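In what follows, a single structure is set out as C-alpha cells and then discussed.
Quick caveat: nothing in here was measured; it's all calculated off a predicted structure.
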Number of protein chains: 2
Amino acid sequence: MTTIKDIARVTGVSVTTVSRALNGYSDVNEKTRQKIIRVSKEMNYSPNTHARSLVMNKSKTIGLLVSGLVKSSVKDNFTLQILAGINQFTADSDYDLVLFSTTSTKQREKTYSQLCKERRVDGVIIQGIRTDDPYLLEVVESNIPCVLIDIPINSNTVGYITTDNVEGAKKAVNHLIGLGHKKIAMMNGHEFAFVSKNRLEGFKEALVEADLPIHNEWIVNGEFSEEAAEEKALELLTEHPDITAIFCASDLMALGVMKAAKRLAIDVPNGLSVIGYDDILLASYVTPALTTISQNIYEMGYGAAKQLVHTLEEGAEPNVITLGTELKVRDTTGPCLRR
Amino acid sequence: MTTIKDIARVTGVSVTTVSRALNGYSDVNEKTRQKIIRVSKEMNYSPNTHARSLVMNKSKTIGLLVSGLVKSSVKDNFTLQILAGINQFTADSDYDLVLFSTTSTKQREKTYSQLCKERRVDGVIIQGIRTDDPYLLEVVESNIPCVLIDIPINSNTVGYITTDNVEGAKKAVNHLIGLGHKKIAMMNGHEFAFVSKNRLEGFKEALVEADLPIHNEWIVNGEFSEEAAEEKALELLTEHPDITAIFCASDLMALGVMKAAKRLAIDVPNGLSVIGYDDILLASYVTPALTTISQNIYEMGYGAAKQLVHTLEEGAEPNVITLGTELKVRDTTGPCLRR
DNA sequence: ATGAAAGCGCTAACAG
DNA sequence: CTGTTAGCGCTTTCAT
C-alpha cells in the first residue's frame, strides 16, 4: 500500500512537502506539486484515513443510530427513507456514515459514548430510540454533536428535527370532526415515544376546541404494531360500538385497525372512519386507501444530516427544525352516518 | 480523552501491560489486570480504533456499496431488507458497517479501491450495481475480500450470493403454462443486470420445454421501473392483443403492467395474467394481490455478511451461495380464457 | 518553498 | 510477568 513516504522517496522531496502538496496548501512550488500529484496517481496512492484521524483528532464520519434495521420493521420503511435522506446529503459532503448496529444485547455491553469514542465519530444522528432508553441521557451528557430525529431534546451540542405532531394530530381529528364525527377514539403508540405524547395532545386539543368530551377509555395503545393495534381495536370496537372514527398514531396501526374492522364486519369508511399517521408507502396501496397525515420522512433525514454537518463545519450550535405535515384524504374516512 | 498512557500512569505500569491486560492476553498478573480494568472503567476509557487500525492494519469494518439508498427507490424496499439482514449478522460480530455513499458524481471522482483503501475496510458487500459499472472490474482486480449480491463473479477474493434466477423464472412461466397460457410475454429489466439475463434464460427454457415458440418481439425491457414498464406494456398489449400472460422480472414492473392493463380496460387476471418477481412488500397489498416469485431478500443480506465475516476471520476463500425461490400464487394469475 | 522532528494512540517484537 | 523501544501513516510546528 503506497504511503506518502513512498511518494516522497520517488519524487525526491520530504513527506512534509508531499502532505502539503496533496492537501492543497499554497506554500508549495507549483512544479513540485504537479510532480507529486502525478506520481501519487501513478503509484495509486490513497490517504490512510486512520492515520489522518489519529493525528487530526477527527474522523469525517457520522455515526448512525437507527432502529428499524431489523427484519420485523420492513413494513414501515420509515428507516429506509431516513437513511436515503441522510445519504443524499452526505454523499455530496466528505463525510462517511457508520452504522452502529446495536442489538439490545450489544447495547447493554457498550455505552453510547463508548460507541462514539471508539470510532471517534464527529457527530451522530439518532432515530427511533425510546424515551426510556439509557442512551438518551448519555447523548445529552456527551459533548458529541448530535441531531435527534423526532426526539425533542436540545442542548448546546444536541439539536433535533421533527414534524409538528400536535398540529398534525389536530389536522387529522379536525378532518374527522369536519365529517360529522363526534365519537372519536385514538389508537396511540406507547408512552415511551415523544410523538405519541404529542399526537395525543393534538388529539385532545382538537376535541376540546370542538367542545367534544374526552373519553379516556377510548384512548388505547397499540405499541406502533399492526398486530397489537388489531387486537386493541377489536376490544375497543366491541366494547364501545358507538365509536364512529379512530385516529391512529401510525399507519401501521391503522392497518391493524382496518383488519379488526373487517373481522367485526364493520365497513370502512361507512361504518367506521380510520385515519393514520406517517403516510408510509402502503397507505396509498391498501384497499381502501388510507387517509393519513403525511410527513416528509426523507426530508427529515436530509435535514438531520444537513444540520449536523453544518454544526460540525461551522461550529454552530445545533437547533430545532420542525417540518409541516399534510392531510392526505383517501378512502378510509367519510361522513359520519350515525348519530 | 483517556488513553492507555493515562491508565498506565495511574496504575503505575507500562502502556504495554495496559494494552495486554485490556486485550485479554494471558501473560498478565491477574491482580494487575483487575486493577487496570478497574481504573480504565473509572477513567471512562475507550480504545481509539483509528490508532489500533493503523498499527494492526485492519479496521474491523465492512464497507457497504448499495444502490437504493435514494429517494426514488423507496418503493421497493429491497435495499432495506438487504441492510436489515447484513445488520442482523454484523450486530453480533465485532464489525461495524460503513456506508459508502456514492452518487454518480462522486463515483467518477473516486475509484472503488480508493474508497476501500481510504477507510481501510476489511471487506465489502456490494449490491445493485450494473454489469457495466466500472467498479465491477476493480472489485475483481482488487484483493479486498468482497461478497456480491446477485452478481455472479467469483475469484479467490470475491464470492457472491444470489437466488436461482433461471429456476425462479421457469417456475413462474411454468405456473402460467400450467394455467393454459400459450401466448406469454416477458417484461424484462435491462441488459445490464445479471438477474435479467438469467430470468430471460429461464423464461425461454420454460417455453422451449413446453414446445412453445419464442416471440422475441414479446420480450421487452421495462428498466426495472414501474413507469417504464407501464409504457412498454401499453405498447406491447396494443400491438399484440393476443398475449394472455406476462412474466415480469420484478414486482415493480408488474405493478406498471397492471396499470397499463387497467388503462386498456383489460381485466387482470381474466383478460391477462400477470406474474412478478421479488415478492416486495407491495405485492401482497395491491389489489388484486400480485402472484410472484418470492426470494428471501433479508436472507441474502444476512448470508452475504456471514460469508464475508467468515472469509475475513478464517481466511477462507469466498464461495457461491444460491438460495431457492418460492412461487406465491395470489390473484393476478388465472386460467387462460382464450385460445 | 522545503525539511527535520515530534507526536497522535496503539501494538508488537525483544529483552529482561 | 513486565518494561523498553520502535513504528503504523499522517499532520504540524519550527527552522532554514
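Along DNA chain D, the nucleotide closest to A:Met1 and the one closest to B:Gly12 are compared, and the more 5′ of them pairs with B:Gly12. Take the nearest nucleotide of DNA chain C for A:Val15 and for A:Val28: the residue whose nucleotide is more 5' is A:Val28.
A donor-acceptor pair is defined here as one N or O able to donate and one able to accept, closer than 3.5 Å; such a pair exists between the side chain of A:Thr79 and the backbone of A:Ser67. With hydrogens and angles ignored, the 3.5 Å screen pairs a side-chain donor or acceptor of B:Thr49 with a backbone N or O of A:Glu118.
Rounded to an integer number of Å, the gap from A:Arg20 CZ to D:dC10 P is 16 Å. C:dC10 atom C1' lies 8 Å from atom CG of A:Leu54, rounded to whole Å. Rounded to a whole Å, the NZ atom of A:Lys117 is 16 Å from the C1' atom of C:dC10. Atoms CD1 (B:Ile7) and C1' (C:dC10) sit 12 Å apart, rounded to a whole Å. The separation between B:Glu30 atom CD and D:dT2 atom P is 10 Å, rounded to whole Å. Taking atom CZ of residue A:Arg33 and atom C1' of nucleotide C:dT2, one finds them 13 Å apart after rounding to whole Å. Taking atom CG on B:Asn48 and atom C1' on D:dC10, their separation rounds to 14 Å, with Å as the unit. B:Lys5 has its NZ atom 8 Å from the P atom of C:dG7, to the nearest Å.
Under 4.0 Å is where a charged nitrogen must lie from a carboxylate oxygen, and between B:Arg9 and B:Asp6 at least one such pair does. A salt bridge links B:Glu313 to B:Lys60: one of the charged nitrogens lies within less than 4.0 Å of a carboxylate oxygen.
Contacts of A:Thr32 with the nucleic acid, taken as non-hydrogen atoms under 4.0 Å apart, involve only primed sugar atoms and P, OP1 or OP2. Within the 4.0 angstrom heavy-atom criterion, only backbone atoms of the sugar-phosphate kind lie near B:Asn29; the bases stay farther away. If you check every strand for non-hydrogen atoms under 4.0 Å, A:Asn57 touches nothing. Within the nucleic acid shown, A:Thr3 comes within 4.0 Å of sugar-phosphate atoms alone, with no base atom in reach, counting heavy atoms only. Here B:Asp27 lies in heavy-atom contact (under 4.0 Å) with a base.
Between B:Tyr302 and B:Phe89, the two ring planes are perpendicular [angle over 60°; tilted spans 30° to 60°]. Under the 30°/60° scheme for interplanar angles, the aromatic rings of B:Phe192 and B:His190 are found to be tilted.
Contact annotation: B:Ser19 reaches the phosphate of C:dT11 (side-chain N/O to OP1 or OP2, under 4.0 Å). Phosphate proximity of D:dT13 to A:Tyr25: absent, as no side-chain N or O sits under 4.0 Å from OP1 or OP2. Put simply, A:Lys31 has no side-chain N or O that comes within less than 4.0 Å of OP1 or OP2 on C:dA1. When the side-chain nitrogen and oxygen atoms of A:Thr17 are compared with OP1 and OP2 of C:dT2, none of them lie within a distance under 4.0 Å. Note on A:Asn23: a side-chain N or O is less than 4.0 Å away from OP1 or OP2 of D:dT11.
Listed nucleotides C:dT11, D:dT11, C:dG3 differ in distance to A:Arg52; the shortest reach to its side chain belongs to D:dT11. Among the nucleotides C:dG9, D:dG3, C:dT11, the one closest to any side-chain atom of B:Ile4 is C:dT11. Nearest nucleotide to the A:Met56 side chain, out of D:dC8, D:dT11, C:dA4: D:dT11.
Below the 3.5 angstrom threshold, one finds no donor paired with an acceptor across the side chain of A:Arg120 and the base of C:dG9. Evaluation of atom-type donor-acceptor distances gives no pair under 3.5 Å for the side chain of A:Thr16 against the base of D:dT11.
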